There are 2 protein chains.
Amino acid sequence: MAKVTLQTIADRLGVSRATVSYAFSRPDQVSAELRRRVMEVADELGYAGPNPTARSLRLGRAGALGLLFSETLAYAFADPYAVGFFQGLATAAEDAGVGLLILPLPRGDQRTEPVRNAVVDAFCVVSLPDGHPALDEVLARKLPVVVVDEPYVPGHPFLGIDEPAAGALAARHVLELGHRRLGVAMVGLHDDGHIGWSDVSRQRAATFEAMRGRRDGYQAAAEEAGVDWARVPFYELSRNSREAGRQAGHALLAANPRPTAILTNTDVLALGVLDAAADLGLDVPGELSVVGFSDSAAQDAGLTTIRQAKQEIGAEAGRLLLGGAPARPGRVLFPHELIVRASTAPPPPEPP
Amino acid sequence: MAKVTLQTIADRLGVSRATVSYAFSRPDQVSAELRRRVMEVADELGYAGPNPTARSLRLGRAGALGLLFSETLAYAFADPYAVGFFQGLATAAEDAGVGLLILPLPRGDQRTEPVRNAVVDAFCVVSLPDGHPALDEVLARKLPVVVVDEPYVPGHPFLGIDEPAAGALAARHVLELGHRRLGVAMVGLHDDGHIGWSDVSRQRAATFEAMRGRRDGYQAAAEEAGVDWARVPFYELSRNSREAGRQAGHALLAANPRPTAILTNTDVLALGVLDAAADLGLDVPGELSVVGFSDSAAQDAGLTTIRQAKQEIGAEAGRLLLGGAPARPGRVLFPHELIVRASTAPPPPEPP
DNA sequence: CCTGCCTCCTTAATCAATTAAGACCTTAAT
DNA sequence: ATTAAGGTCTTAATTGATTAAGGAGGCAGG
């Protein structure tokens, strides 16, 4: 079972390789009769058509879009926000008839060969921490690039929301309800696996730009309302899971004085905080208000959250990369919206 | 900004292309000094390293695994079962340092070019209906193939569960609790978009082998217990969503006599059935028992379901395709397990 | 008969690399 | 001095296709 190429078929039929190529890719350049015989021999030899790699090389297009996540894929797909974004992007790829090449970036691993070796026409980068080596590798490839959420790369299109504004919107909501004792649970600030309390300087040093911005928004709104941010208990997680949220919830709710409102930067985390409240027999929203983020898992739980256009962002990323027109660099900010549900209410009256 | 290749660098330095290639791929074949200069010039010219496509062609490997879903990706990722499987596969791909090329197969579309043109080393096919043209295309490529869930292709490895046994296990559970008036809601039997009642001959003609098998299991267990299957109301859906489940639930619960137990082939559908029951003020499990499938979204809702090893199946698929050793053809069946939670109980006493 | 025009096919350059084999020079051992 | 052994680089074949340009033959019109 030697390898079968165009040449094999050409030799069998006593024609040139070029003719066989035309038979496959431009039927009208070849007589119907000869084309029939070409297909016949191809079938007989089990030839499935021109080798895609060779074709890609000659044509200069790969027929695929590269996708980079910071997280292990197993994590990425556990996050409903990522799934929503992915759906939008996948639909765009479908429409364009190109594949989506998901590139593995093992956690903490500095090996970036996958990026170097990826057979793609463009890259979509999602949520990479500042200074991640894979990003340099992507930029070195000199292919069209779109960055989603973070980090902003001057000279390339960026898609996301106005994070500080969205964060401020969430915080202002509870502040306007009258809350003054806040607590915060956030995931995805740093890449170092830290779990636990985080002071202001550590918060500010977060390596993920989007989450840093979201937090800045929290702080700005809090200070605007006269809350001393340095006193706001801030619990950091390394995994975006319900269980992690519960852990943060227990830590925050054990603080003295106990927060009356907890801000989280993902809905999944917020669900975990609700679990913690339930564990302690606290009434939500009577005794505790909880705000999520993304409106990805919030509806059933009646969670107040910030909605962002996940799928639209994915679709737009696809359009920019596959649409042919060279994308304009600069930030494209998508709208966000506060969705008030049943997890927030005014704080309980102060104990006398 | 002309194209920069190995040759460009070679010319600049007055060395041969081969030398530059060695500098990149086999540092010890070239003097340290020259290698340094090569890298210097490469940097200066903005050369990111050998062209991946040309490399792939020459080396004969693509560095990617092709993945085929029957569904639009947007659907596929809405299903927690698919996400779980995908996580397992992605982890295996990560370990092997290869990418995962997701191939778009627009619904009903007969265009299979994406499969023909995919630059991959192997294919993983998930849940394709019988006779889907993309499968022929995949087989024609003569690359390693693993099929997951369906359809079974003689001569290639197959991974999945014993569907008839799993279906029978689910049905037997409610039958043994004493239920005799069953109802069934299933998605993914046919590819024709049909929504509504389905008679036995249509059920039997389902084009998705796995779901057909699962249904066969339901029927076998029912008949074993003396239930006349032709009388069992059977509602078919075309989308696996909670809303679809609710629709099926309403249809089934309006049947006369009303079923006391409803079997569904996905957890998501089961959640929708629970919604319908809640709409009607029916107590679950007091007045109605509901069984899901996959244990993918069941835990929080207290759903009785069949657990299957989603991630393990994905991981094994990856291992078979990337492990180097040629995979043995034939079926590999993974274990399944009945998880009894709070959605099933004995039927209410017959009205006198 | 000559010319022009089709149709159908071939020639040959090209895409961007990898790598076995060989050339050339230096150094070390016999 | 001779030979062998390394180290470093070059030559040239190879991977499997695409496609512009050109040639051969047939046919119609002047």
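Since this is a predicted model, take the numbers as computed values, not measurements. Keep in mind that the numbers below use all heavy atoms, side chains included, and drop hydrogens, waters and symmetry copies. Below, chain A is the first sequence line, B the second, and so on; all start at residue 1.
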Using a 4.0 Å heavy-atom cut-off across all strands, classify B/Thr5 as base, sugar-phosphate, or nothing.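 B/Thr5: backbone/sugar contact only, no base atoms under 4.0 Å.
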To the nearest angstrom, how far is [X] atom [atom1] from [N] atom [atom2]?
X	N	atom1	atom2	answer
B/Gln29	C/dA20	CD	P	10 Å
B/Leu34	C/dC24	CG	C1'	16 Å
A/Asn51	D/dT14	CG	P	18 Å
B/Asp11	C/dA16	CG	P	13 Å
B/Leu6	D/dC9	CG	C1'	15 Å
B/Asp28	D/dG7	CG	P	10 Å
B/Leu57	D/dT18	CG	C1'	13 Å
B/Tyr22	D/dT8	OH	P	14 Å

base_contact_polar (C/dA16 base, B/Arg55 side chain, donor-acceptor, <3.5 Å):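 Counting by modelled atom types and ignoring angles, no donor-acceptor contact under 3.5 Å is found here.
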Hey, is the side chain of B/Arg58 pairing donor to acceptor with the base of D/dT15 inside 3.5 Å?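 No, the side chain and the base share no sub-3.5 Å donor-acceptor pair.
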Do [X] and [Y] sit within salt-bridge range, that is, some charged N less than 4.0 Å from a carboxylate O?
X	Y	value
B/Glu33	B/Arg36	yes
A/Glu150	A/Arg212	no
A/Glu113	A/Arg116	no

Side chain of A/Asp121, backbone of A/Gly63: donor and acceptor closer than 3.5 Å?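 Side chain of A/Asp121 to backbone of A/Gly63: a pair is present.
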Would you tell me if any nitrogen or oxygen in the side chain of [X] comes within less than 4.0 Å of OP1 or OP2 on [N]?
X	N	value
B/Tyr47	C/dA16	no
A/Ser21	D/dT18	yes
A/Arg17	C/dT10	no
B/Thr19	D/dT10	yes
B/Ser31	D/dC9	yes

A cation-pi test, strictly: NZ or CZ of A/Arg141 under 6.0 Å from the centre of the six-membered ring of A/Phe123 and no more than 45 degrees from its axis. Yes or no?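 Negative - A/Arg141 is either too far from the ring of A/Phe123 or too far off its axis.
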Paired nucleotide for C/dG22 [Watson-Crick or G-U wobble; both distances under 3.5 Å]: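 Pair assignment: C/dG22 / D/dC9.
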